[in-house]
Every structure is written in structure tokens, then in C-alpha cells.
Amino acid sequence: MNLYEKVVKKEEKIAVIGLGYVGMPIAVAFARKVNVIGFDLNTHKIEQYINGIDPTNEVGNEAIKETTVDFTSDETKLKEAKFYVVAVPTPINADKTPNLSPIERVSATIGRNLTKGSIVVYESTVYPGVTEDICIPILEKESGLKCGIDFKVGYSPERINPGDKVHRLENITKIVSGMDNESLEEIAKVYELVVEVGVHRASSIKVAEAAKVVENSQRDINIAFMNELAIVFDRMNIDTKEVIEAMNTKWNSLKFYPGLVGGHCIGVDPYYFIYEAEKLGYHSQIILSGRKINDGMGEFVAEAIIKKLILANKVVKQSKVAILGITFKENTPDTRNTKVVDIIERLKEYGIEPIIVDPVADKVEAKNEYGIEMVDINDIQEIDCLVLATAHDEFKEMNLDKIESFYGDFDNKEKILIDIKSILDRTQVEEKGFSYWRL
């Protein structure tokens with residue numbers, strides 16, 4: 001009997017390591033079919049899950065309350081599992097090089113608890129070669145076991161889209177790979193338990209690793225192109241959104257829009273690809289250029305705010321600015337690598353301490369990561385400038401009368417409204433007389 005059959009018969013368990021926006025939905029999905037251990041070092045997060053609270057908002061409190069996942073922060077529980085799914089973050093260092101510490105640490109943790117006959121599948125974003133060249137040696141060293149003989153390894157990149165209620169784990173084709181045909185088939189069958197649309201079997205682990213960094217790099221480049229257009233059109237005094245809407249009438253338009261590109265995938269993955277390419281003597285041109293454009297968009301927006309304040313005869317240092325939204329993406333609590341912080345930091349250089357409002361954001365994470373204290377939206381008053389930075393549903397539903405109530409008592413032409421996500425109807429805003437700018 002192979003491992004897949006033992007897992008299905010609940011004779012062996014799956015362990016999901018790293019219970020964030022990616023790992024937790026996977027653990028919950030598997031737990032509907034098989035026995036699952038959910039492991040995370042964050043004891044506070046584990047307590048929340050045990051108490052039926054979903055801090056990620058990915059599956060909801062009800063699903064967490066009902067799930068049979070055995071949530072734990074005790075690594076010795078991992079000995080009870082035979083099929084491991086690794087979903088820890090892979091961030092970048094300050095110099096934009098890959099930070100592999102989390103994946104190295106988790107490999108050591110698994111290695112200490114690894115038993116013969118196990119399969120370890122990595123989902124974390126890495127550059128091609130990390131699984132085989134870095135993770136396997138750590139697993140072998142810590143376990144005393146031999147890869148290929150005592151245990152097998154595979155790679156299956158995560159494709160979960162945080163905050164997206166349409167494209168879910170179940171209906172996104174899953175790329176799977178294994179170190180040999182036997183492990184590939186076992187890994188594929190295990191994932192087919194929860195991925196309804198099926199899996200794509202990659203020919204090697206390196207192909208699967210490359211597919212992940214490339215699909216996010218492609219998206220990054222496309223957004224960078226639109227951001228570059230937005231910068232140029234701003235100088236030409238042409239509305240970028242109107243240009244894109246006109247362009248999108250063609251059947252093969254890609255329908256990308258400009259914006260702040262943050263988060264733990266698109267804002268990070270291209271650097272993994274660039275790093276490995278440069279190690280091999282190739283200096284990236286397109287990917288690196290795209291990243292530079294996208295990394296600079298927070299500063300570009302901040303400069304647009306300052307310009308608007310000056311044109312409205314405001315004393316910049318004394319201006320009150322409120323920013324709605326700090327998460328990297330709408331309708332998700334995740335603030336990791338958010339580019340809204342770049343706007344905040346740039347405004348601070350001009351002596352402006354913006355007020356931050358975000359009813360969706362993880363307030364503890366924002367405080368710990370950036371030292372940002374958020375206020376309630378009803379506390380906004382007497383401001384000079386409002387910045388719509390994230391397109392949360394709550395913000396999209398606000399009418400112009402509500403927006404107008406935030407400002408001080410002065411002419412509407414001095415009320416500055418910055419709409420990064422193009423949420424508002426430009427005609428209506430300008431009819432109200434606001435000083436309006438959008439990306």
C-alpha cells in the first residue's frame with residue numbers, strides 16, 4: 001500500500017506547516033477528506049484557530065470552528081505525519097536578495113521529526129534549485145535519513161489569491177512535481193483530493209519552481225508597463241484610466257491597470273528570479289526594470305499629493321492628510337510588503353503625519369511591522385487631503401457626501417482627493433468641485 005492510500009484510509013496524516021493565507025486554507029481543505037495536523041510557530045495564531053477565529057478572512061470563522069485540523073505549535077506532533085506540505089513565507093532582504101531563513105528553519109524542524117517513508121512537498125516561492133540544493137541537505141542532516149531512499153521530496157507552488165472568493169484552491173489548476181515518477185504520482189493524487197479542476201504534472205522540481213517565479217514576474221512586468229504609462233500620461237495631462245478603457249475595447253487587450261504592487265508574491269518573486277539569473281552571469285533587463293518602476297510608485301503618488309497641496313495654496317507641513325487603506329490588496333487583512341507605507345514615509349519627509357484608516361487590516365501586524373496606529377473612519381475631520389489607497393468594499397460604497405464630510409470648511413477646489421485605485425466616477429467628483437487626481 002502506498003502513502004496516498006494510507007492517507008486516504010486515515011492510517012497516515014498530512015501535516016501543513018505554516019498556517020497563513022496559503023497554508024491555512026490548504027489545511028482546512030485537506031481536513032475535509034483526511035487527517036491533518038496544522039503546525040505554526042506563532043502560538044497566538046494557533047490559539048485563534050483553536051478558538052474558531054480566522055485572522056486571514058480566507059475561509060471564515062465558521063469553517064475554522066468546524067474543521068478537524070489538529071492545530072498545534074508543538075513540533076514533536078509532526079512525527080505523527082507522513083506527508084508534509086510546507087507553506088512558510090519566503091521574503092526578501094533589505095538589499096532585495098532572497099531571504100531563505102524561514103524555509104531553512106522549517107526544513108530543519110521537519111528534519112528533526114522526519115520518519116522513513118515520508119514525502120515533503122514545498123509550496124513556498126523559491127528560485128529554481130532551492131528545493132534540491134538547499135532544502136534536501138538540511139532534511140538529510142537533521143533526520144539522518146537519505147533522500148530518495150528513506151524519504152521523497154516534491155514541489156507544488158501555491159497559487160492562492162488572497163481575498164479572492166472566486167479563484168480558490170479548489171478551482172485553480174495545481175502544478176505538482178516530484179523528485180521521481182513515483183513521488184510525482186503520489187503527490188499528484190494527494191492534491192487531487194482537494195483540487196477539483198485537477199493538477200498539472202511538471203517534468204521536474206526545477207520546472208515547477210521556475211513556473212511560480214515566472215508567472216508572478218510576468219504579472220509584475222505588465223503592471224509596470226501600465227505604471228510607466230501612468231507616469232507619462234500624468235505629465236501629458238491625459239487620464240490613464242480613460243486610455244486603458246479605450247484600449248480594452250480590443251479583443252486581445254490584457255486589461256492590466258496601474259497600481260501599487262506589494263504583497264508577498266508579485267512584489268517579491270521577481271527578485272528571486274533576478275538573483276539566480278545574476279548568479280549565473282545574466283543581468284536581468286526587463287524584469288529588473290519592471291521591479292524598479294513598481295517599487296517607485298509609492299514615491300510617485302506621494303509627490304503627486306505634495307504637488308496638489310502646493311497648487312491648492314496649502315502649507316505642506318501643516319496639511320492634514322488621511323489615507324484610506326493600508327493593506328497591499330483590497331478586502332484582505334494582509335499588510336506585508338504594502339507599498340502604501342512608501343507613500344506614508346515619503347509624506348513624513350515633508351513633515352506630514354498622515355492619519356491611517358483601515359477597517360480590514362490586521363492592526364497588530366501593522367503596529368508591529370510599521371509602528372502604525374490606525375484610527376476609526378469617523379474620527380477623520382478637518383482634513384485637507386483624502387487618499388483612497390486600497391479598494392476595500394467599504395470604501396467603494398462611500399458616497400461623495402460622506403467623503404466631503406471629512407474635510408475642513410473651505411472651498412471644494414481646495415479639497416484634494418487622491419484616488420489611487422480609480423474607485424470614483426471622475427465626472428461626478430469634478431462636478432462637486434474637488435481637486436481630483438487618480439493614478
Side-chain angles (χ1 to χ4, degrees), residues 3 14-18 20 22-23 26 39 78 81-92 97-160 174-191 199-217 264-265 268-280:
L3 179 53
I14 291 176
V16 179
I17 299 111
V22 173
I26 292 168
F39 174 81
L78 296 175
K82 271 286 196 288
F83 190 98
Y84 298 88
V85 176
V86 181
V88 297
T90 40
I92 52 174
T97 56
N99 177 359
L100 296 176
S101 301
I103 208 162
E104 290 170 342
R105 284 196 299 268
V106 78
S107 296
T109 301
I110 294 169
R112 288 192 293 271
N113 298 283
L114 200 61
T115 56
K116 283 188 177 182
S118 295
I119 294 178
V120 183
V121 183
Y122 289 88
E123 290 213 356
S124 308
T125 300
V126 292
Y127 56 80
V130 168
T131 302
E132 292 157 298
D133 301 340
I134 293 175
C135 298
I136 287 176
I138 295 171
L139 291 170
E140 289 183 327
K141 181 186 173 207
E142 295 292 334
S143 66
L145 302 174
K146 190 70 182 166
C147 187
I149 299 170
D150 301 316
F151 68 93
K152 299 285 182 76
V153 168
Y155 183 80
S156 178
E158 58 87 4
R159 279 174 154 177
I160 287 174
K174 196 93 168 75
I175 297 171
V176 296
S177 65
M179 61 184 296
D180 53 26
N181 287 333
E182 184 188 13
S183 58
L184 173 62
E185 284 310 308
E186 292 235 38
I187 292 164
K189 284 179 183 176
V190 169
Y191 276 109
V199 302
H200 173 84
R201 291 163 171 79
S203 62
S204 70
I205 287 175
K206 282 189 175 72
V207 166
E209 289 170 325
K212 171 60 178 174
V213 288
V214 168
E215 66 187 40
N216 277 337
S217 296
H264 50 93
C265 286
V268 171
D269 296 0
Y271 285 119
Y272 275 71
F273 188 80
I274 291 163
Y275 172 80
E276 185 63 7
E278 290 190 343
K279 269 174 45 181
L280 297 169

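When reading the values below, keep in mind they use all heavy atoms of this one structure, side chains included, and skip hydrogens, waters and symmetry mates.
- With rounding to the nearest 0.5 angstrom, the OG1 atom of Thr131 is 11.5 Å from the CE atom of Met179.
- The side-chain heavy atoms of Arg159 and Glu215, taken from C-beta on, include a pair separated by under 4.5 Å.
- Taking the side-chain hydrogen bond (donor to acceptor under 3.5 Å, both in side chains) definition, one finds that Tyr271 meets it with Asp295, sequence neighbours left out.
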Task: side chain to side chain contact (heavy atoms under 4.5 Å, CB included) between Leu114 and Tyr84, worked out - done: CA-CA 9 Å; Leu114 200 61; Tyr84 298 88; 3.6 Å; yes
Could you tabulate the donor-acceptor pairs under 3.5 Å formed by side-chain atoms of residues 136-149, not counting sequence neighbours?
| residue | atom | partner | partner atom | Å |
| --- | --- | --- | --- | --- |
| Glu140 | OE2 | Cys147 | N | 2.9 |
| Ser143 | OG | Leu139 | O | 2.6 |
| Ser143 | OG | Leu145 | N | 3.0 |

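- Applying the side-chain hydrogen bond (donor to acceptor under 3.5 Å, both in side chains) test to Lys189 and every residue at least two apart in sequence or in another chain returns nothing.
- Val199 and Ala188 make their closest contact through CG2-CB, 4.0 Å (heavy atoms, listed as atom of the first residue, atom of the second, distance).
- Lys82 places no side-chain N or O within 3.5 Å of a backbone atom of Gly117 that could act as its donor or acceptor partner.
- Interatomic distance, Leu280 CG to Tyr275 OH, rounded to the nearest 0.5 Å: 10.5 Å.
- Separation of atoms CD1 (Ile205) and SG (Cys135) is listed at 9.5 Å; rounding is to 0.5 Å.
- By the side-chain hydrogen bond (donor to acceptor under 3.5 Å, both in side chains) test, Thr125 pairs with no residue at all, sequence neighbours left out.
- Two residues are said to be in side-chain contact when any heavy atoms from C-beta on lie closer than 4.5 Å; Phe39 and Ile110 fail this criterion.
- Residue pairs meeting the salt bridge (charged side-chain N to carboxylate O under 4.0 Å, His left out) criterion with at least one partner in residues 98-108, sequence neighbours excluded, are absent.
- Using the six-membered ring where Trp is involved, Tyr191 and Phe83 have ring planes that are perpendicular, over 60° apart on the 30 and 60° scheme.
- Distance check, rounded to the nearest 0.5 Å: OG1 of Thr115 to CG of Leu78 gives 10.5 Å.
- Taking CG of Leu100 as the start and OH of Tyr127 as the end, the distance is 5.0 Å to the nearest 0.5 Å.
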TODO: Check the pair Val268 / Thr90 against side chain to side chain contact (heavy atoms under 4.5 Å, CB included), numbers first and verdict last.
DONE: CA-CA 8 Å; Val268 171; Thr90 40; 5.8 Å; no
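- By the 6.0 Å contact criterion, CZ on Phe273 is open, its count of non-hydrogen atoms from other residues, nucleotides or ligands being 12 or less.
- In this structure, Ile26 and Glu123 have side chains that are in contact, with non-hydrogen atoms separated by less than 4.5 Å.
- Between Ser124 and Tyr155, the closest heavy-atom pair is O-OH, 2.8 Å.
- Residues Ile17 and Thr109 have side chains not in contact (no heavy-atom distance under 4.5 Å, counting atoms from C-beta outward).
- Asn99 CG to Tyr272 OH: the interatomic distance, rounded to the nearest 0.5 Å, is 6.0 Å.
- Residues in residues 201-210 take part in these salt bridge (charged side-chain N to carboxylate O under 4.0 Å, His left out) pairs, two or more places apart or across chains: Glu132-Lys206, Glu185-Arg201, Glu192-Arg201.
- Closest non-hydrogen pair, Ile175 versus Ala211, comes out as CD1-CB, 3.8 Å.
- In this structure, Ser177 and Leu184 approach most closely via the heavy-atom pair CA-CD1, 3.6 Å.
- Nearest heavy atoms, Lys212 versus Pro157: CB-CB, 3.5 Å.
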